[in-house]
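One structure below.
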Amino acid sequence: MTEVDPTVVPEPSAKLRELGNRLVGTSRLSGGVEGTTHFEWMEGGYFLTQQVDLVQHGQAIKGIEIIGHLRPFGEPPSEEIRSRFYDSQGNTLDYVYELEGDTLTVWGGEKGSPAYMKATIDPDGNTHGEWVYPGGGGYEFTATRISD
C-alpha cells in the first residue's frame, strides 16, 4: 500500500471533471423510462450528485446518487469513478462510470458486469442509450437536456 499524507488533498480528477462537464444539468428521459434526472457538482468538485424522479416498468423511483473516486482515509483516490445510488424503495446500488470520447458506460456493480448502460452523449448534452440486464428486461432511452 502506498503511503499517503492525509493532510494533502489531491486536486479533483480530470476524468471526473470531464464526466461532470458532460452530465451536469437537468434532462427529461423517455423510452423505456420516463421522468427527469438532475446532475450537479458537490461543493469542492470531488463528487457529482444525481437526483432522479422516474417511472420504470410502471414503478415510481426517486433517488440520489453520489459519483466520484473512492478515497478511504489515508489512501490515494481510486482509479475508477464509482457511485452509490440510494432510492425511495430502500435499495442501494453501486456503479462504475467510464467515459471514452462520446460513449458513456455505466457498469452495475463492477466494471465488466453483465448489467450495464451504454450511451452516446451528443454535443448538446442529449444522451441516447440502452440498459442491458442479464436475462433480459433492459430498455432503450433518450435523455433530452432541458437546462444546464
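Screening residues 136-148 for salt bridge (charged side-chain N to carboxylate O under 4.0 Å, His left out) gives R145-D148 as the qualifying pairs, with residues at least two apart or on separate chains. Under the salt bridge (charged side-chain N to carboxylate O under 4.0 Å, His left out) criterion, no residue pair touches residues 32-50, with sequence neighbours excluded. Note on residues 115-131: no pairs pass salt bridge (charged side-chain N to carboxylate O under 4.0 Å, His left out), not counting sequence neighbours. Each salt bridge (charged side-chain N to carboxylate O under 4.0 Å, His left out) pair with one or both residues in residues 107-117, not counting sequence neighbours, appears once here: R82-E110, E98-K111.
By the 4.5 Å heavy-atom criterion applied to side chains, Q51 and T37 are not counted as neighbours. With a 4.5 Å cut-off on side-chain heavy atoms, R28 and T142 do not count as touching. No side-chain heavy atom of T105 sits less than 4.5 Å from a side-chain heavy atom of Y97. Looking at Y95 and I81, their side chains never come closer than 4.5 Å, going by heavy atoms from C-beta outward.
Membership of the apolar cluster around V132 extends to V96, W107, Y116, as traced through chained side-chain contacts below 4.5 Å between ILVMFWY residues. In the hydrophobic clustering (ILVMFWY side chains linked at under 4.5 Å, chained through shared members), L70 stands by itself.
The hydrophobic cluster containing F85 also contains L99, counting ILVMFWY residues as joined when their side-chain heavy atoms lie under 4.5 angstrom apart, directly or transitively. Cluster membership check: I66 does not share its hydrophobic cluster with I61, using side-chain heavy-atom separations under 4.5 Å among Ile, Leu, Val, Met, Phe, Trp and Tyr. In the hydrophobic cluster analysis, where Ile, Leu, Val, Met, Phe, Trp and Tyr join through side-chain heavy atoms closer than 4.5 angstrom, F39 is grouped together with W41. The hydrophobic clustering, which links ILVMFWY residues whose side-chain heavy atoms are closer than 4.5 Å, places L16 and M42 apart. One hydrophobic cluster holds both L48 and L54 under the rule that ILVMFWY side chains link at heavy-atom gaps under 4.5 Å.
Here the closest heavy-atom approach between residue S78 and residue H69 is recorded as O-ND1, 2.8 Å.
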Task: Trace of the side-chain contact (heavy atoms from CB on, under 4.5 Å) decision for H57 with Y139 - done: CA-CA 10 Å; H57 303 297; Y139 59 89; 4.2 Å; yes
TODO: Test side-chain contact (heavy atoms from CB on, under 4.5 Å) on Y86 and N91 and set out the steps.
DONE: CA-CA 6 Å; Y86 304 85; N91 296 306; over 6 Å; no
Open item on the list: One pair to check against side-chain contact (heavy atoms from CB on, under 4.5 Å): L93 and E65. What are the steps and the verdict?
Closed with: CA-CA 9 Å; L93 305 171; E65 182 177 20; over 6 Å; no
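Residues forming a salt bridge (charged side-chain N to carboxylate O under 4.0 Å, His left out) with E11 (at least two apart in sequence, or on another chain): none. For P114, the side chain to side chain contact (heavy atoms under 4.5 Å, CB included) partners at least two apart in sequence or on another chain are P134. Shown here are the side-chain hydrogen bond (donor to acceptor under 3.5 Å, both in side chains) partners of S27, two or more places apart in sequence or in another chain: there are none. Residues satisfying the salt bridge (charged side-chain N to carboxylate O under 4.0 Å, His left out) criterion with D87, sequence neighbours excluded, are absent altogether. Every side chain to side chain contact (heavy atoms under 4.5 Å, CB included) that T127 has, sequence neighbours left out, goes to A119, I121, F141, A143. Considering only residues two or more places apart in sequence or on other chains, R84 meets the salt bridge (charged side-chain N to carboxylate O under 4.0 Å, His left out) condition with D94.
In this structure, S83 OG and I64 CD1 are separated by 11.5 Å, a value rounded to the nearest 0.5 Å.
Of the possible polar contacts, one joining the Q89 side chain to the A60 backbone as a donor-acceptor pair under 3.5 Å is found. A distance-only check finds a donor-acceptor pair linking the side chain of S113 to the backbone of G108 [under 3.5 Å]. A distance-only check finds a donor-acceptor pair linking the side chain of R17 to the backbone of P12 [under 3.5 Å].
Counted by atom type alone, T120 and H128 present zero donor-acceptor pairs between their side chains at under 3.5 Å.
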